[in-house]
J.: 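Dropping the structure in here first, questions after.
Residue indices begin at 1 and follow the sequence shown.
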Amino acid sequence: MKGLPRLALLSLLALLAACAEPVPEAYADYVGHWRGDGVRLVIRADGHADYDRVQGRTHVAIEGNAHSFSKRGFRIGIGPLSADFKVQQAPEVEDGRWRMTVDGVELTRIDILPVESGQQSLRL
């Protein structure tokens, strides 16, 4: 019976994760693949987000729904399992590249090219 509570918790988390709401239109500029010094942030239009940060020997990885967007930041995750991200500079085009500053790290949006069906890798 030990596995039953764990299975119920995992099922609940999966159900909540499926309840992602799309990124609000007013914050559509946040959608994309962002990279900065030791940071990778991916925010999808459907509301799902992935965040990785490496500082020295510390690695933080967060995956979940992006929500609670405001001029000051946003959240990734569900309830007590979520994290706040402070936005010092909202996304804007600078020198032809999209940039924003989150938690003190300047991020640049990277345009990811899709791989055509049937190809194993992207050829440039």
J.: Decide yes or no for L41 and L107: does some side-chain heavy atom of the first lie under 4.5 Å from some side-chain heavy atom of the second?
T.: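 They are in contact (side-chain heavy atoms under 4.5 Å apart), so the answer is yes.
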J.: For a quick test of reading the model, state the closest non-hydrogen atom pair linking A83 to I62 and the distance between them.
T.: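 Scanning both residues completely, I find the closest heavy atoms to be CB-CD1, 3.6 Å.
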J.: Which pair of heavy atoms, one from T108 and one from R99, lies closest together, and at what distance?
T.: OG1-NH1, 2.9 Å
J.: Measure the OG1-CD distance between T101 and Q89 for me, rounded to the nearest 0.5 Å.
T.: 6.0 Å
J.: Run the side chain to side chain contact (heavy atoms under 4.5 Å, CB included) test on K71 and V87 for me, step by step, so that the C-alpha distance in whole Å, both residues' side-chain angles and the decisive distance to 0.1 Å come before the verdict.
T.: CA-CA 7 Å; K71 291 180 181 180; V87 175; over 6 Å; no
J.: Tell me, do K86 and V102 make a side-chain contact under 4.5 Å, heavy atoms counted?
T.: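 A side-chain contact is absent here, since even the closest heavy-atom pair is not under 4.5 Å.
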J.: For V31, does its backbone N or O pair with a side-chain atom of R109 as donor and acceptor, under 3.5 Å?
T.: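 Yes: the side chain of R109 pairs with the backbone of V31.
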J.: What pairs of residues pass the ring pair (Phe, Tyr, Trp, His ring centres under 6.0 Å) test when at least one of them lies in residues 86-110, not counting sequence neighbours?
T.: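 Residue pairs with at least one partner in residues 86-110: there are none.
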J.: If you compare all heavy atoms of V42 against all heavy atoms of H33, which two are closest, and at what distance to 0.1 Å?
T.: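 Here V42 and H33 meet closest at CG2-ND1, 3.5 Å.
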J.: Ignoring hydrogens, what is the shortest heavy-atom contact between G104 and Q88? Give both atom names and the distance.
T.: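 Scanning both residues completely, I find the closest heavy atoms to be N-OE1, 2.9 Å.
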J.: Please check this pair: side chain of H67 against backbone of V23, looking for a donor-acceptor N/O pair closer than 3.5 Å.
T.: no
J.: Please give me the minimum heavy-atom distance between M100 and A90, naming the atom from each residue.
T.: CB-C, 3.8 Å
J.: Between CD1 of I76 and CG of D50, what distance do you get to the nearest 0.5 Å?
T.: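 These two atoms lie 8.0 Å from each other.
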J.: If you round to the nearest 0.5 Å, how far is CD of Q55 from CZ of R53?
T.: 4.0 Å
J.: Would you indicate whether D46, at its atom CG, is surrounded by more than 12 heavy atoms from other residues, nucleotides or ligands within a distance under 6.0 Å?
T.: yes
J.: Please name the pair of heavy atoms, one in W34 and one in Y30, separated by the smallest distance, quoted to 0.1 Å.
T.: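 Heavy atoms of W34 and Y30 come nearest at NE1-O, 2.9 Å.
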J.: So how far is it from D52 CG to R35 CZ, rounded to the nearest 0.5 Å?
T.: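 Spacing of CG (D52) from CZ (R35) equals 9.0 Å.
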J.: Please list, chain by chain and in numerical order, all residues satisfying ring pair (Phe, Tyr, Trp, His ring centres under 6.0 Å) with F85, sequence neighbours excluded.
T.: Y51, F74
J.: Kindly compute the distance separating NE2 (H48) from CD1 (I43), expressed to the nearest 0.5 Å.
T.: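 Between atom NE2 of H48 and atom CD1 of I43 there are 11.0 Å.
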